[in-house]
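One structure is given below, encoded as structure tokens.
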Amino acid sequence: MPRISRNDAGLRAWALVLPLLAFIGVTFIAPLGAMLMRSVQEPVVADAIPETIRALADWDGDGTPGERVFQAAAHEFVAARETRALGRVATRINRVQGGLRSVITRSARRLENLAESAGDPCFLTGPPAAEAGTPCRDLMVGLDDAWSEITTWLAIRRAGERYTPRHYLHALDLDRGIKGEIVPQPPELRIYVPLLTRTLIVSLGITALCLVLGYPIAYFIAQAPPGRANLLLLLVLVPFWTSLLVRTTSWIVLLQSQGVVNDILVTVGLIGDDERLSMIYNMTGTVVAMTHVLLPFMVLPLYSIMRTIPPQYMRAAEALGASFPQAFVRVYWPQTLPGVSAGSLLVFILAIGYYITPALVGGRTGQLISNMIAYHMQQSLNWGLAAALGGILLVCVIALYFLYDRLVGVERMRLG
């Protein structure tokens, strides 16, 4: 048989790997790159009113802008209204400074009426030209006093930046002052950092709960005879065969004030009928439901490692005089660390991105950062801020991964 050269073997290997690389690029890398680009790119205002943005770039920010800015804004607001782009422009500017959406849309409507009649000097002079007179400035200030305020034009100039860190600043509860300096948001508007902190703390707590509950379960399955172990493992896998929506809503039935858990506590006399516990639509419901859903992701990696540990090790340690706790801590536990690390990392990464479970059982106090991302994607349509929140969450996960690699070592993580 002809011998295959090393180059041919390498080409064949690449040919086999290329479909997988293409799949990862299309389904993971490309969407991730688009999300990160969306978090810093905001071209809507710059594309709709380019002459206004260019004129504002030459403005020093002291006093109201010159006639050239007012004239450009008047013509481009009318043009944006005709192309139905004004709503998106006003919405973007309103995110920089609240209240400007109504000012822009109302002024553009009145300017359009004047432009159609061509009876105002602002529209008789044509596109922006020399600084002869101030017909556009007087006209726009007469339409709304907001056009005489410096903050209005600063907001338009900031909204017109094609690439901006504004969304990341808002995601970190920061903002830019009048002169462009970074300042903290007012205390009543600081919602994202506390929500991100809550998400990380809840995810760590759920990971710890899954480890405390899952380790004995995995140990019991690993020590059981093969027939019983298969049955117990089947019970662990049953949640995977049940819809996540069904598993989550079942906790509403169990934990509500008139639910099964409260009824049992009242029946056995632990609480009175008028002292029923509130365990749903709060953080308690979120933690309980998420722990139940994520527990198999901890049990399976632990079991896959535990079943490979020979039982003779524990018997040998006990034969040498060690008690069971001593043998467990010094012999058994270190051998299960790869499964512990794999299960913990898997559960934590899944927990920080959970959305359905907190949305259904969390109520107002049990929401996580993923629910805020979904809100901006589906309701407020602030996709830039949603992408920035997702980018910060991604950075947190990557930082945790490198910390884990530094302290434990990724090479020690095993799934079986």
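Partner of E51 under the side-chain hydrogen bond (donor to acceptor under 3.5 Å, both in side chains) criterion, out of H75, R68, Q71: R68 alone.
The shortest distance between side-chain heavy atoms of T91 and N382 does not fall below 4.5 Å. Contact annotation: the side chain of L189 never approaches that of D173 to less than 4.5 Å [non-hydrogen atoms, C-beta and beyond]. Side chains of Y313 and Q335 form a contact here, defined as non-hydrogen atoms less than 4.5 Å apart. Within the 4.5 Å cutoff, side-chain heavy atoms of L244 are placed close to those of T357. L232 places none of its side-chain heavy atoms less than 4.5 Å from the side chain of V236. Annotation: side chain of L233 is in contact with side chain of Y303 (closest heavy-atom distance under 4.5 Å). For the pair T152/V103, no side-chain contact is recorded, criterion being any heavy-atom separation below 4.5 Å from C-beta on. The side-chain heavy atoms of L154 and W59, taken from C-beta on, include a pair separated by under 4.5 Å.
Under a cut-off of 6.0 angstrom, the local environment of CZ in R247 is crowded, with over 12 non-hydrogen atoms contributed by other residues, nucleotides or ligands. In W383, the CH2 atom is not crowded: 12 or fewer heavy atoms of neighbouring residues, nucleotides or ligands sit closer than 6.0 Å. By the 6.0 Å contact criterion, CZ on R330 is open, its count of non-hydrogen atoms from other residues, nucleotides or ligands being 12 or less. At most 12 non-hydrogen atoms from other residues, nucleotides or ligands lie less than 6.0 angstrom from CD1 of I356. Shown here is W241, whose CH2 atom has more than 12 heavy atoms of other residues, nucleotides or ligands within 6.0 Å.
Of the possible polar contacts, one joining the N262 side chain to the L277 backbone as a donor-acceptor pair under 3.5 Å is found. In this structure a side-chain-to-backbone donor-acceptor pair under 3.5 Å is missing from Q97 to N94.
Closest non-hydrogen pair, R364 versus Q367, comes out as O-CG, 3.8 Å. Across all their heavy atoms, I104 and I93 have their closest contact at CD1-CD1, 3.6 Å.
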Exercise for review: Could you check Y281 against W251 for ring-ring contact (aromatic ring centres under 6.0 Å, His included), going step by step and ending with a plain yes or no?
Suggested key: CA-CA 11 Å; Y281 304 127; W251 282 108; over 10 Å; no
Exercise for review: Apply side chain to side chain contact (heavy atoms under 4.5 Å, CB included) to the pair T64 and R137, showing each step before the final yes or no.
Suggested key: CA-CA 9 Å; T64 55; R137 183 188 186 281; 3.2 Å; yes
Point to revise | Pair R157-I53, side chain to side chain contact (heavy atoms under 4.5 Å, CB included): steps then yes or no | key: CA-CA 6 Å; R157 185 166 68 178; I53 300 303; 5.7 Å; no
Review point. Step by step, would you call C210 with T291 a side chain to side chain contact (heavy atoms under 4.5 Å, CB included)?
Key: CA-CA 6 Å; C210 288; T291 301; 4.0 Å; yes
Exercise for review: Please report the C-alpha distance between D144 and R110 in whole Å, then the side-chain angles of each, then the deciding distance to 0.1 Å, and finally whether the salt bridge (Lys or Arg N to Asp or Glu O under 4.0 Å) criterion is met.
Suggested key: CA-CA 11 Å; D144 199 301; R110 295 176 181 176; over 6 Å; no
Point to revise | Trace of the side chain to side chain contact (heavy atoms under 4.5 Å, CB included) decision for R95 with H170 | key: CA-CA 10 Å; R95 288 170 183 165; H170 289 175; 5.9 Å; no
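Remark: L254 CG to H292 NE2 distance equals 9.5 Å, nearest 0.5 Å.
Using cut-offs of 30° and 60° for the angle between ring planes, the F328 and Y332 rings count as parallel. The aromatic rings of F70 and W153 sit perpendicular, their planes meeting at an angle over 60°, well past the 30° parallel limit.
The side chain to side chain contact (heavy atoms under 4.5 Å, CB included) check on A351 picks up S203, M290, L294, with sequence neighbours excluded.
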Name every donor-acceptor pair, under 3.5 Å, that has one atom in a side chain of residues 214-228 and the other anywhere in the protein, sequence neighbours excluded.
from : atom 1 : to   : atom 2 : distance (Å)
Y215 : OH     : T336 : OG1    : 2.8

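Judged purely by distance below 3.5 Å, without hydrogens or angles, the side chains of Y375 and S380 never pair a donor atom with an acceptor atom.
Salt bridge status for R162 with E42: absent, with no side-chain N to carboxylate O gap under 4.0 Å. Of the charged side-chain nitrogens involved, none lies within less than 4.0 Å of a carboxylate oxygen, so that R166 and D175 do not count as a salt-bridged pair.
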